[in-house]
K.L.:
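One structure, as structure tokens, below. Some questions next.
Throughout, protein chains are lettered first and strands after them, A, B, ... in sequence-line order, and every chain is numbered starting at 1.
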There are 2 protein chains.
Amino acid sequence: MGNPNRDHEYLAKLQDYFASYRSLPSYAVIGELLGMASKSAVSALIKRLSLAGFVEMTPDKRLAPTKRFFEREIADFNVPAGLPAAANDAMSDSLSVDDYLIPRPSSTMLVRIKGESMIDAGIFDGDIAVIEKRHAASIGDFVLAVVDNEYTLKELGRDKQGYLLLPHNRDFQPIRPTESLEIYGIMTGLIRKYR
Amino acid sequence: MGNPNRDHEYLAKLQDYFASYRSLPSYAVIGELLGMASKSAVSALIKRLSLAGFVEMTPDKRLAPTKRFFEREIADFNVPAGLPAAANDAMSDSLSVDDYLIPRPSSTMLVRIKGESMIDAGIFDGDIAVIEKRHAASIGDFVLAVVDNEYTLKELGRDKQGYLLLPHNRDFQPIRPTESLEIYGIMTGLIRKYR
DNA sequence: AAGGTTAGTGAACGGTCGTTCTGTTGTCAA
DNA sequence: TTGACAACAGAACGACCGTTCACTAACCTT
């Protein structure tokens, strides 16, 4: 009957559904969604996906996605003209974007970038910076700092006279804190959305 | 009887539950969870939360959280001068970075950037591009294309002679496909990790 | 004090849930 | 060609689902 292993395709549809509704449907509806006429086929599919670690049952026996459900492959596009989609065994990395960028949620915040002072570092106006809150930083880190009562994202530098905040833009001058310099957090990631 | 408006407290428990299991339990279990003895109390609570916009029913009538369900309580630590409170506001209507960048999981892939050809667009070697697979693109889109049997990320351009692939790096020349140009997908996001 | 409002109890009920079992069909290896 | 196997169809079934209704208790107003 069926093709060899359409489970990956079925999983994709469930992922789309969950992305839309933040909930997994009943077996009957899954059947409709996937083009299956009987719930027993769905039941078997769920068992397979459960074994593969993509879904699980909550303590009260409800179907729920696992963390793995949200993982994505990162493909290198060195691949010579073969579809990178088909071969999922040789993938380098597999994780969810959240886990990748935000390993410690409780100490992490997101900050919308304003201004052009870091464009030479590939950080543009409107981008979102992932900031891990902490008060210590190393020279060379990109830091979100409070300088003279104002928040700013710059590279942390140092010279004979003390700490500096270095912009990455030829048109801007380094900032030397006159009164106070407080490190609010360091930048651990960048997020940008197009269109 | 009860205190004035414990709904906020109830919501918090549901949020915790969902964070643990990525699913909302049945009314009976919600009752246990919240210390309610009857399901009709839960039913009433769900109606209230639904009115307030924290939960909703999927098309197939299952209980599901809304985007608002995931909104973070804006922590009330003191704002000296222009605290980056605009932080969460950036992605206020999405529940996670995943959701923000990847609304349609099944047609989205992640590709590790190789090379310097797009550095003037703030896309660096080692960055991860979010690619939405599709074969049609508009002029000006950043596209992952297969040109003469090789994958490349460039801006899609056009002149009198036809389509072009434009790098964003002064040291690179535009690419004019000699044999074939196939659009593999368009770039909808960028992810970078520091350190 | 009376009356309204709101949150919750408890029981009854029809509908839907997911499981299970039997049967069918297409694929693959011997 | 045969037999094993996997994916799926279809029907039956008990359990659990969420709704509804009548009722109670605490808290407003006035």
K.L.:
Taking A/R22 for its side chain and B/P65 for its backbone only, find out whether a donor-acceptor pair lies under 3.5 Å.
P.N.:
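Yes, because the side chain of A/R22 sits within donor-acceptor range (under 3.5 Å) of the backbone of B/P65.
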
K.L.:
For the residue pair B/F18 and A/F18, categorise the inter-ring angle as parallel (less than 30°), tilted (30 to 60°) or perpendicular (more than 60°).
P.N.:
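Parallel, since the angle between the ring planes stays under 30°.
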
K.L.:
Using modelled atom types only, decide if a donor and an acceptor are shared between the side chain of A/R72 and the backbone of B/T108 within a distance under 3.5 Å.
P.N.:
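Checked: pair present.
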
K.L.:
Answer yes or no: is there a donor N or O on one side and an acceptor on the other, between the side chain of A/D159 and the main chain of A/G162, under 3.5 Å?
P.N.:
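At least one qualifying donor-acceptor pair exists.
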
K.L.:
Looking at B/R176, I'd like to know if its CZ atom is crowded, meaning that more than 12 non-hydrogen atoms belonging to other residues, nucleotides or ligands lie closer than 6.0 Å.
P.N.:
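Above 12, so yes.
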
K.L.:
Counting only side-chain N and O atoms of B/R48, is one of them less than 4.0 Å from OP1 or OP2 of C/dG8?
P.N.:
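For C/dG8, OP1/OP2 do have a side-chain N/O of B/R48 under 4.0 Å.
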
K.L.:
Verify the neighbour count for atom NZ of A/K67: are there more than 12 heavy atoms of other residues, nucleotides or ligands below 6.0 Å?
P.N.:
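12 or below, so no.
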
K.L.:
To the nearest angstrom, how far is A/E32 atom CD from D/dC8 atom P?
P.N.:
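Rounded to whole Å, this separation is 16 Å.
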
K.L.:
Write down the distance between CD1 (B/I30) and P (D/dG18), rounded to a whole number of angstrom.
P.N.:
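Answer to the nearest Å: 7 Å.
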
K.L.:
How does each nucleotide of nucleotides 10-21 of chain C score, in 5' to 3' order, for protein heavy atoms under 4.0 Å: base (B), sugar-phosphate only (S), or none (-)?
P.N.:
B------SBBBB

K.L.:
Figure out the CZ/P separation between A/R6 and D/dA7, and round it to whole Å.
P.N.:
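Roughly 12 Å, once rounded to whole Å.
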
K.L.:
Rounded to whole Å, please give me the gap between OH in A/Y10 and C1' in D/dA7.
P.N.:
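From A/Y10 OH to D/dA7 C1': 8 Å.
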
K.L.:
For B/L45 and C/dT9, give me the distance from atom CG to atom C1', rounded to whole Å.
P.N.:
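After rounding, the gap between these two atoms is 15 Å.
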
K.L.:
Taking atom P of D/dA6 as reference, at what distance in whole Å does atom CG of A/D7 sit?
P.N.:
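Nearest whole value for this atom pair: 13 Å.
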
